[in-house]
Q: 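Take this structure first; my questions come after.
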Amino acid sequence: MREELLAALDEARALAAGSADPALVPELLLRILVAASDTPDVTETLRDVPAARALLRVTDASAAIELRAGDGRVHAEPADMRGRGPKVDATAATWLGLLGGTLKPWLAFTRGLVVCRAGLTELRWMQTVAERLQRGYQAARSSTEAPPS
């Protein structure tokens with residue numbers, strides 16, 4: 001699954017560099033998160049994050065993804081925009097950068113690019129998950145680039 005994750009991340013990076021059609025982003029985010037769920041480098045970074053869930057709403061694409069993460073696991077699936085759970089809103093470009101690894105989480109959260117409809121606890125959890133996912137992406141990429149021993 002590492003190869004699928006890296007391919008999806010490369011696609012996200014290319015899409016983020018241009019003007020991405022918001023309608024294409026939710027499917028790519030799902031591919032990234034599903035591939036991340038089967039990549040040990042990523043799930044290991046979430047081992048000490050408390051398990052929780054959030055409804056990631058892509059505001060300009062009218063799409064949503066239910067994300068469950070923590071305790072060494074990641075699970076993502078398409079959801080209804082009015083689905084259950086804490087709602088976290090951002091544009092397609094913000095989600096693409098945040099979950100695709102090209103936007104630093106602290107920047108997205110301190111600049112108000114991500115709006116959590118539930119509260120500060122959920123917002124902090126989402127920031128932690130985004131930071132850990134990006135750390136896991138880097139670990140997956142570096143373990144692929146490392147020369148065989």
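The first residue in the sequence is number 1, and the count goes up from there. As the structure is a prediction and not an experimental result, all values here were calculated from the model. As a basis for the values below, the full set of heavy atoms in this structure was taken, side chains included, without hydrogen atoms, waters or symmetry mates.
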Q: Roughly how far, to the nearest 0.5 Å, is the CD atom of Glu66 from the CZ atom of Arg84?
A: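 The CD atom of Glu66 is 8.5 Å from CZ of Arg84, to the nearest 0.5 Å.
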Q: Answer yes if Trp125 and Leu98 sit in the same cluster of Ile, Leu, Val, Met, Phe, Trp and Tyr residues linked by side chain heavy atoms under 4.5 Å apart, and no otherwise.
A: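 Trp125 and Leu98: one cluster.
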Q: Which atoms form the tightest heavy-atom contact between Pro26 and Ala23, and what is the distance?
A: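 Closest heavy-atom pair between Pro26 and Ala23: CD-O, 3.6 Å.
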Q: Report yes or no: does Tyr137 contribute a side-chain atom to a donor-acceptor pair with the main-chain N or O of Ala36 at less than 3.5 Å?
A: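 No: the side chain of Tyr137 does not pair with the backbone of Ala36.
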Q: Please tell me if the side chains of Arg141 and Leu9 come closer than 4.5 Å, counting only heavy atoms from C-beta onward.
A: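 Heavy-atom side-chain distance check passes, below 4.5 Å.
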Q: How far apart are the closest heavy atoms of Gly100 and Ala12, and which atoms are they?
A: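 Result for this residue pair: CA-CB, 4.2 Å.
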Q: So for atom CD, which belongs to Glu27, do other residues, nucleotides or ligands contribute more than 12 heavy atoms lying within a distance under 6.0 Å?
A: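 Not more than 12 within 6.0 Å, no.
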Q: For residues 102-121, dump all side-chain donor-acceptor pairs below 3.5 Å to protein atoms at least two apart in sequence or in another chain.
A:
residue	atom	partner	partner atom	Å
Thr110	OG1	Trp106	O	2.7
Arg117	NE	Asp89	OD2	2.9
Arg117	NH2	Asp89	OD2	3.3

Q: Sequence neighbours left out, what pairs pass side chain to side chain donor-acceptor pair (under 3.5 Å) with at least one residue falling in residues 90-100?
A: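 Pairs touching residues 90-100 that pass the test: Thr91-Thr94.
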Q: Can you list the other members of the hydrophobic cluster that holds Leu24, where links are side-chain heavy atoms under 4.5 angstrom apart?
A: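 Reading the cluster by chain and number, Leu24 sits alone, since nothing else belongs.
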Q: Which value, rounded to the nearest 0.5 Å, describes the distance between His75 atom NE2 and Ser37 atom OG?
A: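 His75 atom NE2 to Ser37 atom OG measures 8.5 Å (nearest 0.5 Å).
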Q: For Ala8, what residues pass the side-chain contact (heavy atoms from CB on, under 4.5 Å) criterion, not counting sequence neighbours?
A: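 Checked Ala8 against side-chain contact (heavy atoms from CB on, under 4.5 Å); matches are Leu28, Arg31, Ile32.
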Q: Which of these passes side chain to side chain contact (heavy atoms under 4.5 Å, CB included) with Leu67: Leu30, Val129, Val88?
A: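 Of the listed residues Leu30, Val129, Val88, the side chain to side chain contact (heavy atoms under 4.5 Å, CB included) partner of Leu67 is Val129.
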Q: Do Leu55 and Leu123 belong to the same hydrophobic cluster, where Ile, Leu, Val, Met, Phe, Trp and Tyr are linked whenever their side-chain heavy atoms lie under 4.5 Å apart, directly or via other members?
A: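 Looking at the clustering, Leu123 is in a separate group from Leu55.
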Q: What's the spacing between Leu133 CG and Thr43 OG1 if we round to 0.5 Å?
A: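 Reported to 0.5 Å precision, the distance equals 10.5 Å.
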Q: What residues, two or more places apart in sequence or in another chain, satisfy side-chain contact (heavy atoms from CB on, under 4.5 Å) together with Thr39?
A: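 Partners of Thr39 by the side-chain contact (heavy atoms from CB on, under 4.5 Å) criterion, ordered by chain and then number, come out as Met1, Arg2, Leu5, Asp41, Val42, Ala140.
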Q: Would you say the side chains of Glu131 and Gln127 form a donor-acceptor pair under 3.5 Å?
A: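 Distance-only check passes for Glu131 and Gln127.
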Q: Which pair of non-hydrogen atoms, one from Ala51 and one from Asp71, has the smallest distance, and what is that distance?
A: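 Nearest pair, atom of Ala51 first, then Asp71: CB-OD2, 3.4 Å.
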Q: Could you tell me which residues satisfy side chain to side chain donor-acceptor pair (under 3.5 Å) with Asp60, sequence neighbours excluded, listed by chain and number?
A: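 Scan of Asp60 (side chain to side chain donor-acceptor pair (under 3.5 Å), adjacent residues dropped) gives none.
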Q: Please find the pair of heavy atoms, one from Arg53 and one from Arg68, that lie closest to each other, and give the distance.
A: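 Reported closest heavy-atom pair: CB-CG, 3.5 Å.
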Q: Leu56, Val34: one ILVMFWY side-chain cluster at the under-4.5 Å cut-off?
A: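 No, because Leu56 and Val34 fall into different hydrophobic clusters, even though each may have its own neighbours under 4.5 Å.
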